[in-house]
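A short worksheet on the structure shown next.
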Amino acid sequence: MFALNDFLERLDAVYAERPKELESFLKSGLSEAKAWGDLSSSLVILNELIGYYRVTSRPAECRECIRQAKQTADAMGIQGTANYATMLLNIGTAQRAMGEISEAEEQYEQAYEIYSREFAEPDYRMATFYNNRSILYAQTGRLKEARQDLEKAMELILALEKSETEIAITHVNIGNLCFQMQDLTEGTRHMKEAARIFEETEGKKDVHYASALSGLGEAYFRSNRLEEAICCYEKALEEIFSNYGENDAYRVTKRNLELARDTLSRIEAVQSRKMKGMDISRNYYEAYGRPMLEEKYPEYIGRIAAGLAGEGSECMGYDDAYSTDHDFGPAFCLWLTKEDYEEIGVRLQEDYEKLPKEFMGFPARNVTEQGGGRVGVLCIDDFFLRYTGYMEAPDAETKAGEAGWLTMEPEMLGAVTNGQIFTDPLGEFTKRRKEFGAYPENIRLRRLGQALGKMAQAGQYNFGRMCRRHEREAAYLCKSEFINSAIEAGYLLNGSYMPIYKWKMRGLEEFTCLTSLKKELSVLIGMREDGQAEETIGQIEQICNLFVQELNRQGLTESREGFLEIQKQELLRGLNRR
């Protein structure tokens, strides 16, 4: 007869000492159990194999074991028992890992029904169920239900003796859920506690120790504690490889480790060299770009513009060490006319890509999918068309041109006019940039009138009304609309393009008029919609008065009326008389 207990003892030894022999050991045991006709032992081993193939990312073998397990259970006639529910839980967990979500949920529902009927006292199997179902809930966006399941799992486990490993596993699951819910502090606490428990365990660590290390590595990476993140990822890789080899978890952790190392090297390079991205770009062009053009394209070098402009914080001069995690590194743009691009664009791009990837200690540019096409060889027509919808600036004195200017987003106009041109012997790229360099006056004033109207409507009129109605959420939205409109109006009065949302406040520091706007808006942002309504209304009026004074100073209006709708109407009347 097949000696199951002896087999399981030897299995534990293989797990601890020779994990690479697990598959052959389990398959050998399964063959022996089947030869004895021992269905019960066969089912136990099939469950082990399902788990093994799940974590080693081998779906075909996993599905075959699931088929055999169900067939064996049916032959045993154990439907409705706790052992049957455990098999369903195991199958559901494997299906969840393979992306078969609806099938997994069906297995979980059946297992829950049986467990709920079978267990009156706290039981490890019920806690394991809650832990696994919580992961499915988290994967499908049901975060509240996931948290409830984890709380139930922890409550059950704490009531059981010798449950340290299960407690640690539950901490890992809670930590991952916290990260998904953007609660970094709480997630880090749970991951630290899980790692502590595993590390205090004598002998070989539980296989879930790697999950705790990976989770802690993620926590440290998000907190910019990169050296600690690297250490955790390295340990996690060792644990995963020693247990399962290069499975999906190994590959994901390896990518995370490479990202952490790359990010650290970029930050160290920026900090040690104390160079901005634009400086790196210019020096890289002078060291490699210009010599390449002189050697391989002498007949075209007098027609090629070079520089760095477009998207990216380095084009605005706002880059710092935190900017290095994506789309940052040695690179520049080469702008060609349509005719030249058609003749040499492909060949020139190939030569550009052959340039050295590292430069002055800075690693190669880490291009993301979203950041593709920002640097390299670009057609002038395509560059302006990409951001503005026009290859050349439209004539704002025509109706069509005016409509075109009004549809262009200010951050996109900023993208074509920011950065620096290192050289432009032909002058074509510079000429077009100049055409897009600032709003035509009639466009600037129309956009300014729109912004002033929004400030009046959202801040001076509707904010107070929403507060009196105790509509706190609506009041918040009114304040937000007022702030965004005030920022836009500020840029328009300064004659500059408003940048993308994350740099709007930063750009206020460069204003030559309304220089106190950032300070006043910062005060307003910190005010609450409930409990500070009167103070908030006063702050809104103070900001509006700043705009009235500036409108008067620039000669755009003469009225000293504080309600900006009045200022808007006067501004537009003056525009219509032009």
Side-chain angles (χ1 to χ4, degrees), residues 384 387-390 392-418 432-462 480-501 503-505 507-508 510-518 520-521 540-578:
F384 288 100
Y387 292 110
T388 70
Y390 291 86
E392 297 181 359
D395 183 359
E397 297 302 320
T398 67
K399 288 187 176 181
E402 181 178 302
W405 272 103
L406 289 171
T407 60
M408 293 183 210
E409 296 294 333
E411 58 264 31
M412 295 295 100
L413 287 165
V416 300
T417 55
N418 65 19
R432 294 202 210 178
R433 265 170 59 101
K434 187 175 181 180
E435 292 172 353
F436 283 105
Y439 282 123
E441 187 64 1
N442 61 327
I443 303 300
R444 180 178 83 102
L445 296 181
R446 286 198 184 282
R447 293 190 71 108
L448 177 58
Q450 292 172 354
L452 293 171
K454 289 180 181 178
M455 290 174 68
Q457 186 75 9
Q460 293 181 291
Y461 182 72
N462 276 322
S480 177
E481 181 72 14
F482 173 83
I483 291 169
N484 276 302
S485 299
I487 291 172
E488 182 179 6
Y491 278 98
L492 289 163
L493 284 168
N494 275 271
S496 56
Y497 293 129
M498 180 173 64
I500 190 171
Y501 62 91
W503 297 122
K504 285 181 180 179
M505 291 295 285
L508 302 185
E510 300 172 4
F511 278 11
T512 56
C513 67
L514 292 171
T515 54
S516 65
L517 183 58
K518 180 177 181 180
E520 298 297 340
L521 288 176
I540 287 172
E541 290 301 330
Q542 183 166 322
I543 292 168
C544 290
N545 285 332
L546 289 177
F547 279 89
V548 172
Q549 293 171 26
E550 186 57 30
L551 289 164
N552 292 169
R553 189 188 71 80
Q554 292 191 21
L556 299 174
T557 63
E558 294 180 356
S559 170
R560 297 177 184 265
E561 170 60 50
F563 187 43
L564 293 185
E565 180 63 28
I566 303 299
Q567 295 288 329
K568 166 192 168 182
Q569 296 300 331
E570 183 179 348
L571 176 76
L572 295 181
R573 284 196 298 272
L575 174 61
N576 293 331
R577 288 196 297 268
R578 293 168 70 90

TODO: Mind checking side-chain contact (heavy atoms from CB on, under 4.5 Å) for A486 and listing every partner two or more places apart, or none if nothing turns up?
DONE: M455, L521, F547
Open item on the list: side chain to side chain contact (heavy atoms under 4.5 Å, CB included), that's the test. Do Y387 and E409 meet it? Break it down for me.
Closed with: CA-CA 9 Å; Y387 292 110; E409 296 294 333; over 6 Å; no
TODO: Look at the side chain of N494 and the backbone N and O of S496, then say whether any donor-acceptor pair between them is shorter than 3.5 Å.
DONE: no
- [ ] Tell me yes or no: between the side chains of T557 and Q567, is some donor less than 3.5 Å from an acceptor?
- [x] yes
Task: Reported CD-to-CZ distance for the pair Q460 and F482, which is rounded to 0.5 angstrom - done: 6.5 Å
Throw together a table of side-chain donor-acceptor distances under 3.5 angstrom for residues 559-566, partners on residues two or more places apart or in other chains.
| residue | atom | partner | partner atom | Å |
| --- | --- | --- | --- | --- |
| S559 | OG | E561 | N | 3.0 |
| E561 | OE2 | F563 | N | 3.0 |
| E565 | OE2 | Q569 | NE2 | 2.8 |

Task: Atom pair NZ (K518) and CE (M505), whose distance is rounded to the nearest 0.5 Å - done: 6.0 Å
Open item on the list: Looking at E392, I want to see if its CD is surrounded by more than 12 non-hydrogen atoms of other residues, nucleotides or ligands under 6.0 Å.
Closed with: yes
TODO: Taking ring-ring contact (aromatic ring centres under 6.0 Å, His included) as the test, write out the residues that go with Y390, two or more places apart.
DONE: none
TODO: Locate the shortest heavy-atom distance separating A396 from I443; write the atom from each residue and the value.
DONE: CB-CG1, 4.1 Å
Task: Side chains of E488 and N484 in contact at under 4.5 Å (non-hydrogen atoms) - done: no
- [ ] With sequence neighbours excluded, tell me which residues meet side-chain contact (heavy atoms from CB on, under 4.5 Å) with E481.
- [x] K454, A458, S485
Open item on the list: Any non-hydrogen side-chain atom of R446 less than 4.5 Å from a side-chain atom of W405?
Closed with: no
TODO: For Q554, enumerate each residue passing the side-chain contact (heavy atoms from CB on, under 4.5 Å) test, keeping only those at least two apart in sequence or located in another chain.
DONE: R444, L493, C513, E550, L556
TODO: Nearest 0.5 Å please: distance from the CG atom of N545 over to the CD1 atom of I540.
DONE: 12.0 Å
Open item on the list: Quick check for you: to the nearest 0.5 Å, what is the distance between L406 atom CG and Q450 atom CD?
Closed with: 6.5 Å
Open item on the list: To the nearest 0.5 Å, what is the distance between CG on L445 and CG on L452?
Closed with: 10.0 Å
Task: For P499 against K504, the heavy-atom pair lying closest together - done: O-CG, 3.6 Å
- [ ] Answer whether the closest heavy-atom distance between the side chains of L413 and Y439 falls below 4.5 Å.
- [x] yes
Open item on the list: Could you work out, with ring-ring contact (aromatic ring centres under 6.0 Å, His included) as the rule, every residue matching F511, not counting sequence neighbours?
Closed with: Y491
Task: Euclidean distance, L551 CG relative to L546 CG, rounded to 0.5 Å - done: 11.0 Å
